[in-house]
Amino acid sequence: MAKQKYPIGIQSFPEIIEGGYSYVDKTNLMGKLIDEGKYIFLSRPRRFGKSLLLSTLHAYFDGRRDLFKGLAIDSMDLDWTPTPVLHFDFNTGLYDRPDGLEERLNTDLSSYEKEFRLDIKDDLTAAIRFEKLIKGIHEATGRKVAILVDEYDKPLLGIEENPEQFEKNQTLLKGFFSNLKSMDKYIRFAMLTGVARFSKVSIFSDLNNLNDISMYEQYQEICGWTEEELSTNFQTGIAELSKKRRETTKETMNELRTYYDGYLFSDEGRRLYNPYSVLKALFSKTIKPYWFESATPTFLAKKIKKSGIDPVSLNWQSQSYSNLIAVGLGSDNVTALMFQTGYLTIDSYDPRRQRYTLRFPNREVEIGFAENLLPLYVPSSKKPDSPFSLQNFQDDLYDGNPEDFMKRLETLVKDLPGEDHKESTYRAITYLLCLLSGTEAQAERHSYKGRSDLEVLTPDFIYVFEFKYNKSVQEAMHQIHERDYAGRYALDHRTVYLVAANFTENKDNRQLSYEIIKAKL
């Protein structure tokens, strides 16, 4: 088998094609978009291929048909006449500085003014310079302009705790993008991408001509890879990964699916893999969470902790369409924010109620999000020498020592900073500790008589947890037995432990009491 080259971190379409890197052909959908649309907006999570999509569009509008030989778009009936392109990339910039965004805009505008030999005063606002640039290019070339904007929302992310700077950046962007409507007769095509829609409402409030295709089924696969695309385009890499892991191709595909598949952006359709993570796994021949190397959800984790929301409850939340697309950055609707930024995805859609059920797309996202959330509850969890380190909890679970696990948890509860913790805090900590210990942690798992609080599976042991708050251990254990939570494991070879716990907190005391029983199934 020929050796594959993986374009990790390469977002340039010409470089990928000319460099002989593996490329998953999405040009059929791109050509359809060019043929059917003019003003396009697309929201997708980071590292999902948006930058590569815009680079591919740029190459098309440049008239580089040589790069598309053998690809789907090459056989489509489209106009390949070269078109002037204005490509703005907001991935880089110091947007927390007072003039950071304005400097970024003016730098790009100056570059294009020089390229097209236009004499435009640099003391004008960025919005007016952009207007004169679009019109000037049309007058100089006789052609309409293509406008591509990558990560439009980057100047707003990470500065929400600085409302003055946030408002300034938002106002600048709103004035800048207003040209997409006022300069319509000079524009051939415009596409903007970003992680989320949460700032779309205010920035693009006047742009009723902007078509948001983010949840259109026909464009669901324009970014991200289907399992068919993965198995067809990366046979060599998957075979090499299987060999390294000493397992069958089917087993390797199951693990890739568990970690990186699961994204769905429309009512129906095929689920998608995160391209960045798959490429990293194939290149390194190691399956582990990669997405959070470049997509740390700091503001979401802080918002969850501050709001007191139980992270366990985030999975399987139900939301209406209007809630998912119109939420603001300052909103308390954490579920919608997590959907927009890719930490939750669509599980199913109920057309009668017009509501979406959401879930974590895969294990990579669930683990990565938990890693960023746990230290906000337990600051000492990242210290290797701490009795509350993940390694210690992991050893307890994998070695079949639930007593040690609960003693450690009992001490941790007493050592938590702050006061007046809610039941959700204790549930969240236990769930996050189990999940990050590398176990298969399933919260609120349904059975025919109800749903358990937490079930934790390791290769040799299974733990069924039921939690109470200011009640009793006896009540928790009675519920485990009465609702037969462990019944599903009757034929399982592993040892099953039933763990009943009660968290007690008042102004004078905070403690955890528990009971552990080895199940007789």
Side-chain angles (χ1 to χ4, degrees), residues 1-13 15-16 19-26 44-53 55 195 220-265 270-297 341-345 359-372 390 394 435-441 457-459:
M1 293 182 286
K3 184 176 178 60
Q4 287 194 285
K5 294 178 65 176
Y6 305 111
I8 299 174
I10 302 176
Q11 304 299 327
S12 167
F13 174 72
E15 183 178 351
I16 289 175
Y21 291 93
S22 297
Y23 176 72
V24 177
D25 187 4
K26 298 287 185 177
R44 285 292 183 270
R46 299 219 184 279
R47 296 292 191 176
F48 226 81
K50 302 186 301 296
S51 296
L52 177 57
L53 172 62
S55 176
V195 171
Q220 140 90 2
E221 299 173 15
I222 200 166
C223 290
W225 298 338
T226 65
E227 185 156 310
E228 180 183 1
E229 289 171 331
L230 173 60
S231 58
T232 300
N233 289 276
F234 296 95
Q235 289 182 349
T236 300
I238 294 171
E240 291 175 349
L241 179 59
S242 299
K243 183 178 179 181
K244 168 73 181 306
R245 292 170 59 87
R246 298 179 181 178
E247 60 187 15
T248 66
T249 300
K250 183 178 180 180
E251 289 171 332
T252 297
M253 283 301 301
N254 285 339
E255 194 71 0
L256 288 171
R257 188 181 305 115
T258 298
Y259 263 81
Y260 310 127
D261 192 17
Y263 293 92
L264 185 64
F265 302 106
R270 294 183 291 182
R271 296 197 175 273
L272 301 171
Y273 284 78
N274 180 335
Y276 174 78
S277 297
V278 171
L279 289 174
K280 291 276 285 188
L282 294 179
F283 179 80
S284 66
K285 297 182 178 61
T286 304
I287 295 176
K288 63 180 183 180
Y290 293 107
W291 190 47
F292 281 79
E293 294 176 358
S294 61
T296 304
T341 48
Y343 304 108
L344 293 175
T345 194
R359 64 172 172 82
F360 287 111
N362 50 50
R363 187 164 179 79
E364 175 185 50
V365 172
E366 190 172 24
I367 290 175
F369 191 77
E371 283 181 342
N372 285 277
L390 286 174
Q394 182 182 54
L435 178 65
L436 292 176
S437 294
T439 67
E440 184 181 343
L457 285 66
T458 72

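Below, all heavy atoms of this structure are taken into account, side chains as well, without hydrogens, waters or symmetry copies. One is the number of the first residue; the rest follow in order along the sequence.
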Just how far is it from atom [atom1] of [X] to atom [atom2] of [Y], taken to the nearest 0.5 Å?
X: E371; Y: L390; atom1: CD; atom2: CG; answer: 8.0 Å
X: R245; Y: T252; atom1: CZ; atom2: OG1; answer: 5.5 Å
X: I10; Y: Y23; atom1: CD1; atom2: OH; answer: 13.5 Å
X: E366; Y: L436; atom1: CD; atom2: CG; answer: 9.5 Å
X: L279; Y: Y21; atom1: CG; atom2: OH; answer: 11.5 Å

Backbone of [Y] reached by a side-chain donor or acceptor of [X] within 3.5 Å:
X: S55; Y: F13; answer: yes
X: K26; Y: C223; answer: no
X: R271; Y: G262; answer: yes
X: R44; Y: R46; answer: no
X: Q4; Y: G237; answer: yes
X: N274; Y: Y260; answer: no

Nearest heavy atoms of [X] and [Y], plus distance in Å:
X: T249; Y: S242; result: CA-OG, 3.4 Å
X: E364; Y: Y290; result: OE2-N, 2.8 Å
X: T286; Y: L241; result: N-CD1, 3.9 Å
X: I238; Y: L230; result: CD1-O, 3.9 Å
X: P275; Y: G224; result: CG-CA, 3.7 Å
X: Q220; Y: L272; result: O-CD1, 3.2 Å

#### Entry: Check against side-chain contact (heavy atoms from CB on, under 4.5 Å), E227 and R270
CA-CA 9 Å; E227 185 156 310; R270 294 183 291 182; over 6 Å; no

Qualifying residues under side chain to side chain donor-acceptor pair (under 3.5 Å), relative to [X], sequence neighbours excluded:
X: N233; answer: none
X: S231; answer: none
X: Q11; answer: none

### Task
Go through the structure and list residues passing side-chain contact (heavy atoms from CB on, under 4.5 Å) with P45, not counting sequence neighbours.
F48, Y263, F265, W291

Min side-chain heavy-atom separation [X]-[Y] under 4.5 Å:
X: T439; Y: L457; value: no
X: L344; Y: F369; value: no
X: N362; Y: Y273; value: no

### Message
Before you tell me yes or no, could you show the steps for L264 and T345 under side-chain contact (heavy atoms from CB on, under 4.5 Å), namely the whole-Å CA-CA distance, both residues' side-chain angles and the distance that decides it to 0.1 Å?
### Response
CA-CA 6 Å; L264 185 64; T345 194; 4.2 Å; yes

### Message
Taking salt bridge (charged side-chain N to carboxylate O under 4.0 Å, His left out) as the definition, give me every residue that meets it alongside E251, ordered by chain and number, with sequence neighbours left out.
### Response
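If we apply the salt bridge (charged side-chain N to carboxylate O under 4.0 Å, His left out) test to E251, skipping adjacent residues, there are no hits.
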
### Query
Got a sec, which residues hit salt bridge (charged side-chain N to carboxylate O under 4.0 Å, His left out) with K285, two or more places apart in sequence or on another chain?
E240

### Query
If you draw a 6.0 Å radius around NZ in K5, do more than 12 non-hydrogen atoms from other residues or ligands fall strictly inside?
yes

### Query
In this structure, are over 12 heavy atoms from other groups packed under 6.0 Å from Y6 atom OH?
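Counting neighbours around OH of Y6, more than 12 heavy atoms of other residues, nucleotides or ligands fall under 6.0 Å, so yes.
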
### Task
Take S22 and F234 through the side-chain contact (heavy atoms from CB on, under 4.5 Å) test and state the conclusion after the steps.
CA-CA 8 Å; S22 297; F234 296 95; 3.6 Å; yes

### I16/L52 under side-chain contact (heavy atoms from CB on, under 4.5 Å): CA gap, chis, key distance, verdict
CA-CA 10 Å; I16 289 175; L52 177 57; 3.6 Å; yes

